[in-house]
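Note sheet for the following structure.
Basis for what follows: all heavy atoms, side chains included, without hydrogens, waters or symmetry-related copies. As the structure is a computational prediction, the values presented were derived from the model and not from experiment.
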Amino acid sequence: MIRATQDNEYVELTSPTQLPKASGFLWNEKMMIHVNCRGYAVAQFMQPEPAKYSYAPNLEAKTFMQPEQPYYAHHPGRFLYVKDEETGEIFSAPYEPVRVLPDQYTFAVGKHHIVWKLEHLGFAVEMTLSLPKDEAMELWRVKVKNLSDRKRKLSIYPYFTVGYMSWMNQSAEYHEELQGMVCSAITPYQKYQDYAKIKQLKDKTFLLADQPPRAWEASQEAFEGEGGIGMPSAVQQEELSKGDARYEMPLCVLQYSLELTPGEDKLYRFIFGPAKTEEEIAQIRQQYFLNAASGSEDGFAAAEREYAGYIQEGKGCIEIKTPDPELDNFVNHWLPRQMYYHGQTNRLTTDPQTRNYLQDNMGMSYIKPQMARNAFLTALSQQNASGAMPDGIILHEAAELKYINQVPHMDHCVWLPICLSTYLDETNDYTILEEEVAFAGGEEMATVYEHINRAMFWLMEATDERGLNYIDQGDWCDPMNMVGYKGKGVSGWLTMASAYAFMIWADICATSGRPEMSRKLAAAADEANVVINQYLWDGNWYARGITDDNVVFGISKDTEGRIFINPQGWALLCGAADASKQEKLMRAVKEQLETPYGLEKLAPSYTAMREDVGRVTQKHPGTAENGAVYNHAAAFYIYALYAVGEPNDAYRLLRKMIPGPDPEDLIRRGQLPVFIPNYYRGAYRQFPRTAGRSSHLFNTGTVPWVYRCLIDGLFGVQGNEEGIRIHPQLPAHWEEASVKRSFRGAELHVAMKREAGVTAVEVYVNGSRIEDGIIKNVEAGRVYDVLVKLPPQ
Ligand code: CEZ
C-alpha cells in the first residue's frame with residue numbers, strides 16, 4: 001500500500017482513497033506546488049509577494065500557508081478525463097473529479113517529479129509533474145497507452161483549474177498561434193496608488209500544448225453544464241465547443257481524440273503557469289517546445305533535467321545505515337530535501353519571521369553554508385542599534401512586515417547565537433564574527449560579534465525586577481499573545497532560552513579569544529538559572545510563565561494547559577534543572593505529554609479562552625500550538641534529551657515524528673513519509689479519534705532541529721573548533737550503525753558497533769585509537785575510516 005521503491009527514488013501509495021490527503025511538493029526559485037494523490041493542487045509563485053495562477057472558485061483570502069488544507073469538489077486541481085469513444089465510458093486521472101476507482105493506481109512522490117499511474121478500461125494513464133529551475137510554471141507529461149489486444153478509440157481531456165481570477169475582469173480563450181489557452185485578469189484593487197503595483201503583475205494564466213488539440217473549452221460553466229465537475233456535459237458530447245470565457249470563470253481544458261493499436265502509447269506535454277503578456281507566452285512556447293537545442297532534447301526536456309540537478313544539490317551531509325531502513329530512507333533523502341526547501345524559498349514569504357529565517361538558515365549550514373552565512377548577515381543588518389531584532393526580515397525592497405510580523409514578539413534575539421553556533425560547528429568560519437554589518441537605518445556599523453553582544457545585553461535588560469524575561473505579545477509561541485500585553489507578564493521559556501543563548505554565546509566568545517565577555521555571559525546564564533528555579537519550578541516540572549496579573553501558569557493546579565513541553569526541554573538545555581529536577585520533569589513529560597504520535601506541546605489542550613494567556617487557547621484543542629504534537633517543540637525537547645544523555649527516550653520520540661512504517665500508523669497520520677509536518681493532532685487523551693492526523697503543512701522549523709538531533713545527538717558527529725567529535729548515542733536496541741559524514745571537504749566513514757568488554761566509547765581513526773574522540777585538523781579531500789566501539793547493552 002505504501003512503499004519506497006527499490007532505489008529509494010520514490011515513495012509510492014497504491015490507493016487514492018486510503019490516505020486521501022497524501023501529498024508531495026515541488027518548488028523552485030520562484031514557486032511551490034503542493035499536490036495530493038487525488039489530483040488537487042495548491043500552487044503559489046513569487047512576484048515578489050506570493051500569488052496564484054490557479055485559484056479557488058471563490059475570492060481567496062491572501063494569507064500564509066494553512067495547516068489541514070481542506071479539499072472539495074472544485075478545489076484547484078490538475079486532471080485528465082478519459083472517454084472510451086466506443087462505449088462512452090468516462091473516468092478521470094488521477095482520481096478526482098469523476099471518482100471511479102481504477103484497476104491499478106500508484107501515486108509516486110519523487111524528489112524532482114511526482115507521478116500518478118493508473119490502469120482502467122484497458123488503458124494506462126501516466127501523469128508526471130516537474131518544474132523548471134528558475135521559472136514559475138508546471139511541466140506536465142501525460143501518457144496514454146492501449147493495454148488491450150484490440151484497437152481502441154478514445155478522447156482525453158487535460159483539465160487545469162484556473163478558477164475565480166478576479167471580480168474586476170476575467171476572461172479566457174484559445175490562441176491558435178500559441179497552440180494554447182490564455183486566461184486574463186486584473187488583480188482586484190481600489191486605491192489608485194496600487195495601480196503602479198498591480199500593473200506589474202503576471203495576471204495571465206496559460207496552458208501550452210506540444211500538439212494541437214481537436215477542441216477546447218475556456219469557460220468552467222460551459223464545460224460542466226448540468227453534469228457538474230464529476231460528469232461534465234461537455235465531455236459527454238462528441239466535441240468540446242471551442243468556447244471562450246467573457247467575464248465567466250476561466251478554465252483550461254483541451255480535447256485530443258486518438259486511436260491506439262494494441263500496446264501503442266502516446267505522449268503529450270503541457271506547460272501551465274502565470275505570465276504577464278502574450279509575447280511572454282509565445283516566448284515560452286518557443287523556448288520549451290520549438291527550439292530543439294541539440295539532438296532530440298528540446299527546452300522542455302532540458303528544463304526537467306536541469307531541475308533534477310537543482311534538487312540534487314540539496315544533499316545533506318550524512319548518509320546513514322541503521323537497523324531501521326525507513327529511518328535511513330527518510331534521513332538520507334527526504335529530510336535534507338525539506339531543509340533545503342526552507343533555505344531556498346524562505347517559505348515563500350518576502351518577510352520571514354526572524355526566528356524562522358534564522359532557524360531555516362541554521363539548517364542551510366549543513367547544505368549550503370555560504371547561503372546561511374549571507375542570511376545571518378542580512379538578518380543582522382536589520383537589527384536595531386539597541387540590540388533588538390525585528391519581528392521579520394525584509395528580503396525584498398518592496399516588502400513590508402505582514403500578518404504575525406506586526407505583533408511584537410520578544411524571542412528573536414535568542415536565535416542568533418543558537419543558529420550561528422551550528423554554522424560555526426559545520427564550517428569553523430569564525431571570520432564571520434569580524435564581519436562589519438550596519439544596524440537598521442544604516443548609520444552605525446559594527447562587527448557581527450558586537451551585534452550579537454548587543455542582542456544578548458538587550459535580552460538581559462528585557463527582564464522584570466525578578467530577572468524574568470518579558471513576553472509582551474508572544475515568544476516562540478506566536479499566538480501566546482495575552483500573557484504580557486499589559487507590559488508585566490513574563491515568559492518562563494524565554495528566560496530559559498535566553499540563559500541557553502548566553503551559554504552558547506559564552507562558548508563562542510571563549511573560543512574566539514574573548515574570555516572576559518565569555519565570563520560575563522556565563523554569569524548571566526547562572527543568574528537566570530537561579531531565578532528560573534526560584535519562580536518557575538512547580539514541584540515536578542517548570543511553569544510556562546507568569547501573567548500580567550502575576551498568575552503562574554502551566555502548573556499542577558491548572559486543569560488545562562497544566563504542563564508545557566518548551567520549559568521542560570529548555571530547562572535541560574540551559575542547565576537550570578539539576579539531576580533530581582531533570583528526572584522529575586522527564587517523568588512528567590512522559591506521563592502527560594507523550595502519545596503514540598509524538599510529544600504534545602501542552603496538555604490538557606485548552607477548551608476555552610483564557611484571557612490571560614491569549615489566542616493560543618482559542619485554537620481547536622489538539623491543533624497547532626494548543627496541544628498538537630507540535631514537531632518543532634518536540635524537536636527542541638529531543639535535542640535536550642541528547643544534550644543530557646538520554647538516548648533511548650530521545651530516539652523513541654524522534655522516530656514518532658516520521659509516519660510509519662506500520663500501515664495503521666500511516667493511515668492514522670494520513671501522510672506519506674516524505675516530510676515532517678508542522679503538527680500531528682494531539683489532545684490524545686481528550687479527542688482520541690482525531691489524534692495523530694497530519695497537518696500536511698511542510699513549513700516548519702522542525703527539520704533543522706531534527707538534523708541537529710542526528711548530527712549532535714544520535715550519531716554524534718558534531719564539528720567543533722578543533723575538528724569533529726565522535727560521540728554517538730545509539731538507542732539500546734541498536735547493535736550497530738554506520739554514517740558517511742561529509743565534513744569541511746573531507747569524508748568520514750564511521751562504523752559504530754557494540755562490543756563485549758567495551759565500557760566507554762572508543763574511537764579509532766584509520767586504525768589508531770583517539771583518546772578524546774575528537775578528530776583534529778580534518779583535512780579537505782581526505783577520507784577517514786572511523787571505528788567506534790560502544791559498550792554492549
Ligand atoms: O506559525 C509558526 C511560526 O512560523 O508557529 C510557531 C512559531 O515559532 C513559528 O515562528 C509556534 O508558534 O497562530 C499563529 O499565528 C501560528 O503561530 C502560525 O503562524 C504558525 C503556523 O503553524 C504556521 O507554521
Side-chain angles (χ1 to χ4, degrees), residues 354-355 358-359 362 365 376 387 389 409-425 452-463 467-471 475-477 490-511 517-537 541-545 564-578 581-582 585-586 589 632-646 650 701 704-705 708-709 711-713 718 720:
T354 301
R355 83 177 75 77
L358 293 171
Q359 290 172 91
M362 174 172 92
S365 304
F376 294 137
M389 287 297 284
H409 289 67
M410 295 294 277
D411 63 310
H412 296 294
C413 286
V414 304
W415 305 102
L416 287 170
I418 295 173
C419 299
L420 188 69
S421 75
T422 294
Y423 171 78
L424 293 173
D425 287 349
I452 298 185
N453 274 345
R454 282 200 210 176
M456 298 301 97
F457 289 118
W458 183 87
L459 284 169
M460 287 175 208
E461 291 301 307
T463 51
L468 298 166
N469 280 78
Y470 288 122
I471 185 168
D475 57 19
W476 169 88
C477 184
V490 292
S491 163
W493 168 77
L494 182 53
T495 310
M496 297 166 179
S498 300
Y500 182 57
F502 300 157
M503 283 169 55
I504 302 283
W505 191 237
D507 280 351
I508 294 174
C509 289
T511 313
M517 187 56 77
S518 175
R519 272 192 295 276
K520 232 187 227 173
L521 268 299
D526 291 344
E527 276 167 40
N529 283 339
V530 170
V531 299
I532 287 164
N533 282 315
Q534 188 176 345
Y535 296 107
L536 299 166
W537 179 250
W541 64 86
Y542 287 96
R544 179 60 172 86
F564 284 68
I565 190 66
N566 273 352
Q568 317 320 322
W570 290 73
L572 299 178
L573 286 173
C574 74
D578 60 20
K581 288 192 172 77
Q582 286 187 8
L585 75 83
M586 289 192 290
V589 167
H632 193 188
F636 295 148
Y637 185 75
I638 296 165
Y639 190 77
L641 289 181
Y642 281 117
V644 297
E646 292 288 338
W705 284 93
R708 287 192 72 183
C709 285
I711 301 265
D712 302 358
Q718 182 180 5
N720 62 24

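Heavy-atom contacts from other residues, nucleotides or ligands closer than 6.0 Å to CD of Gln534 number more than 12. Enclosure of atom NZ in Lys520 is not indicated, since only 12 or fewer non-hydrogen atoms of other residues, nucleotides or ligands lie within 6.0 angstrom.
Between the CG atom of Leu416 and the CH2 atom of Trp458 there is a distance of 11.0 Å, given to the nearest 0.5 Å. Rounding to the nearest 0.5 Å gives a distance of 11.0 Å between CE of Met517 and CE of Met456. Interatomic distance, Met389 CE to Asp411 CG, rounded to the nearest 0.5 Å: 11.0 Å. Note that CZ of Arg544 and CD1 of Ile565 are 11.5 Å apart. Values are rounded to the nearest 0.5 Å.
The main-chain N or O of Met586 is never found under 3.5 Å from a side-chain atom of Gln568 such that the two would form a donor-acceptor pair.
With sequence neighbours left out, the side chain to side chain donor-acceptor pair (under 3.5 Å) criterion links Asn566 to no other residue. With sequence neighbours excluded, the residues that form a side-chain contact (heavy atoms from CB on, under 4.5 Å) with Ala635 are Met657, Thr702, Trp705, Val706. Applying the side chain to side chain donor-acceptor pair (under 3.5 Å) rule to Thr422 yields the partners Arg708; only residues at least two apart in sequence or on another chain are considered. For Trp541, there are no side chain to side chain donor-acceptor pair (under 3.5 Å) partners at least two apart in sequence or on another chain.
Arg355 is listed as a side-chain neighbour of His409, based on a closest heavy-atom distance under 4.5 Å. Here the side chains of Gln582 and Glu646 are not in contact, with every heavy-atom distance at 4.5 Å or above. For the pair Trp476 and Trp493, the minimum side-chain heavy-atom distance is below 4.5 Å.
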Would you be so kind as to tabulate the donor-acceptor pairs closer than 3.5 Å made by side chains of residues 523-532, with sequence neighbours excluded?
unit_1: Asn529; atom_1: ND2; unit_2: Cys574; atom_2: O; d: 2.8

Going by atom type alone, with no hydrogens or angles, which donor-acceptor pairs under 3.5 Å involve a side-chain atom of residues 495-508 and a protein atom two or more places apart or on another chain?
unit_1: Thr495; atom_1: OG1; unit_2: Asn469; atom_2: N; d: 3.0
unit_1: Thr495; atom_1: OG1; unit_2: Ser491; atom_2: O; d: 2.8
unit_1: Ser498; atom_1: OG; unit_2: Leu494; atom_2: O; d: 2.8
unit_1: Trp505; atom_1: NE1; unit_2: Asn453; atom_2: OD1; d: 2.8

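A donor atom on one side chain and an acceptor atom on the other are not found under 3.5 Å apart for Asp712 and Tyr642.
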In sequence, state the C-alpha distance, the side-chain angles, and the governing distance for Tyr542 and Asn533, and then conclude on side-chain contact (heavy atoms from CB on, under 4.5 Å). CA-CA 8 Å; Tyr542 287 96; Asn533 282 315; 2.5 Å; yes
